[in-house]
Amino acid sequence: MNVYKTLNMYAGLGGNRKKWTNCQVTAVEMDPKIAAVYKRLYPDDIVIVGDAHQYLLDHHEEFDRVWASPPCPTHSKMALFTRHKLNRYPDMSLYQEIIFLKYFFKGDWVVENVVPFYAPLIESTRKVGRHLFWSNFEFEADEIKQPKNFINGCTVSAKKKLQDWLGIHYEENIYSGKNHCPAQILRNCVHPDLGLQIFDQIPERQLTTSAE
């Protein structure tokens with residue numbers, strides 16, 4: 001049985017990764033508090049606190065598979081609603097990574113982000129619910145029904161509801177950047193069932209690395 005060396009970029013709490021099997025995972029997360037919770041949830045994964053964008057560039061040859069979920073706030077429809085309050089460019093690292101993976105990475109890859117407020121600059125492989133996916137393989141996936149008031153809940157009870165929905169539990173209230181909503185980091189997760197659907201459809205290929 002192949003054991004695929006898998007890079008989980010912008011790992012967050014690892015919703016996408018929760019049900020993966022037959023892989024050795026290296027997770028890269030910038031926020032040390034989030035990375036610490038991830039490590040408790042997935043103690044067998046290697047966890048790197050650092051810049052996933054640069055890590056991909058420096059270490060892509062060490063992996064068979066890559067999953068990237070770059071930050072979405074500058075692409076989301078909410079960015080359009082708040083355009084009079086925030087002056088910022090959309091973060092183009094999303095498209096840099098898609099292009100880099102397409103032309104320079106030898107293994108299989110998935111990039112996930114929200115459906116943006118503009119027409120995507122690179123056509124996606126698949127839309128599933130509020131997610132767009134770019135990949136170098138075709139897959140089918142079903143939308144996972146979201147809890148009621150998924151977007152608006154910013155209370156401790158909303159956090160608990162999302163934890164139960166995702167099957168990801170921890171005690172801390174983790175805040176994402178300047179957002180003081182304890183449920184936001186959970187809303188950023190890809191549901192584990194969706195992550196599994198996609199991961200299980202990655203073609204079985206000869207390993208591009210040698211797993212130890």
Side-chain angles (χ1 to χ4, degrees), residues 8-20 25 27-43 45 47-52 67-91 93-94 110-118 127-133 141-199:
N8 189 14
M9 297 172 56
Y10 312 96
L13 297 174
N16 61 302
R17 180 267 176 274
K18 182 175 172 61
K19 295 188 176 182
W20 293 352
V25 178
V28 185
E29 167 56 48
M30 179 69 78
D31 188 311
K33 292 181 180 178
I34 298 173
V37 174
Y38 182 105
K39 184 62 178 177
R40 287 207 313 272
L41 294 170
Y42 312 104
D45 289 6
V47 178
I48 307 293
V49 178
D51 181 354
W67 181 299
S69 292
C72 65
T74 63
H75 304 285
S76 73
K77 294 175 182 178
M78 188 60 66
L80 186 62
F81 298 149
T82 60
R83 65 187 182 276
H84 299 302
K85 297 179 181 179
L86 299 173
N87 292 319
R88 59 185 178 184
Y89 291 113
D91 185 350
S93 61
L94 166 67
V110 179
V111 177
E112 173 272 329
N113 216 270
V114 297
V115 176
F117 65 86
Y118 55 86
K127 176 181 180 293
V128 185
R130 67 191 188 98
H131 302 272
L132 288 186
F133 295 91
D142 298 320
E143 182 178 357
I144 310 299
K145 185 177 179 180
Q146 299 172 347
K148 188 177 180 180
N149 297 324
F150 176 85
I151 295 298
N152 298 321
C154 278
T155 63
V156 173
S157 62
K159 170 193 165 188
K160 177 64 166 57
K161 183 184 293 186
L162 287 175
Q163 286 183 323
D164 292 343
W165 180 62
L166 293 164
I168 296 174
H169 294 90
Y170 55 90
E171 295 298 325
E172 299 95 328
N173 282 334
I174 302 174
Y175 303 110
S176 178
K178 296 181 180 179
N179 190 323
H180 292 287
C181 172
Q184 182 61 49
I185 187 65
L186 291 156
R187 279 197 293 272
N188 291 343
C189 290
V190 172
H191 193 281
D193 289 344
L194 180 54
L196 179 63
Q197 287 182 58
I198 297 169
F199 196 80

In short, Cys189 meets Leu13 closest at the heavy-atom pair SG-CB, 3.9 Å

Could you give the distance from CG (Leu162) to CD1 (Ile185), rounded to the nearest 0.5 Å? 11.5 Å

SG of Cys181 to CD1 of Ile174: how many Å apart, nearest 0.5 Å? 12.5 Å

Residues at least two apart in sequence or cross-chain that pass side chain to side chain contact (heavy atoms under 4.5 Å, CB included) with Lys161, listed by chain then number, are Pro147

Output all residues satisfying side-chain hydrogen bond (donor to acceptor under 3.5 Å, both in side chains) with Lys127, sequence neighbours left out; order by chain, then residue number. none

With Glu172 via salt bridge (Lys or Arg N to Asp or Glu O under 4.0 Å) - residues at least two apart: Arg40

Any residue meeting ring-ring contact (aromatic ring centres under 6.0 Å, His included) with Tyr10, in chain and number order, not counting sequence neighbours: none

Considering only heavy atoms from C-beta outward, does the side chain of Leu166 approach that of Pro192 to under 4.5 Å? yes

Just so I know, are the side chains of Phe199 and Asn16 near enough to count as touching, which here means a heavy-atom distance under 4.5 Å? no

side-chain hydrogen bond (donor to acceptor under 3.5 Å, both in side chains) against Glu112, all qualifying residues, sequence neighbours excluded: Ser69, His131

Among all residues two or more places apart in sequence or in another chain, which pass the side-chain hydrogen bond (donor to acceptor under 3.5 Å, both in side chains) test with Lys18? none

Side-chain heavy-atom pair Lys159, Tyr170 within 4.5 angstrom cut-off: yes

Using the test salt bridge (Lys or Arg N to Asp or Glu O under 4.0 Å), find all partners of Lys19 that sit at least two apart in sequence or belong to another chain. Asp193

Answer yes or no: is there a side-chain heavy-atom contact under 4.5 Å between Tyr38 and Leu41? no

Closest heavy-atom pair and its distance - Cys154, Pro182: O-CD, 3.6 Å

Applying salt bridge (Lys or Arg N to Asp or Glu O under 4.0 Å), can you list everything that pairs with Lys160, at least two apart in sequence or on another chain? Asp164

So, for Val111 and Pro70, which heavy atoms are closest and what is the spacing to 0.1 Å? CG1-CD, 4.0 Å

Tell me every residue that passes side chain to side chain contact (heavy atoms under 4.5 Å, CB included) with Ala35, counting only those two or more places apart in sequence or in another chain. Glu29, Val47, Val49

Could you tell me if the side chain of Leu194 sits less than 4.5 Å from the side chain of Glu143, heavy atoms only? no

Could you check whether any side-chain heavy atom of Asn113 comes within less than 4.5 Å of a side-chain heavy atom of Phe133, counting everything from C-beta outward? no

Once rounded to the nearest 0.5 Å, what's the spacing between atom CG of Leu196 and atom CZ of Arg17? 11.0 Å

Mind checking whether Trp67 and Trp20 have parallel, tilted or perpendicular rings, split at 30° and 60°? tilted

Gln197 to Asp142 - nearest heavy-atom pair and separation: OE1-N, 2.7 Å

Considering all heavy atoms, the nearest Gly15-Ile168 contact: CA-CD1, 3.7 Å

Determine the minimum heavy-atom distance between Gly129 and Val115, stating which atoms define it. O-CG2, 4.1 Å

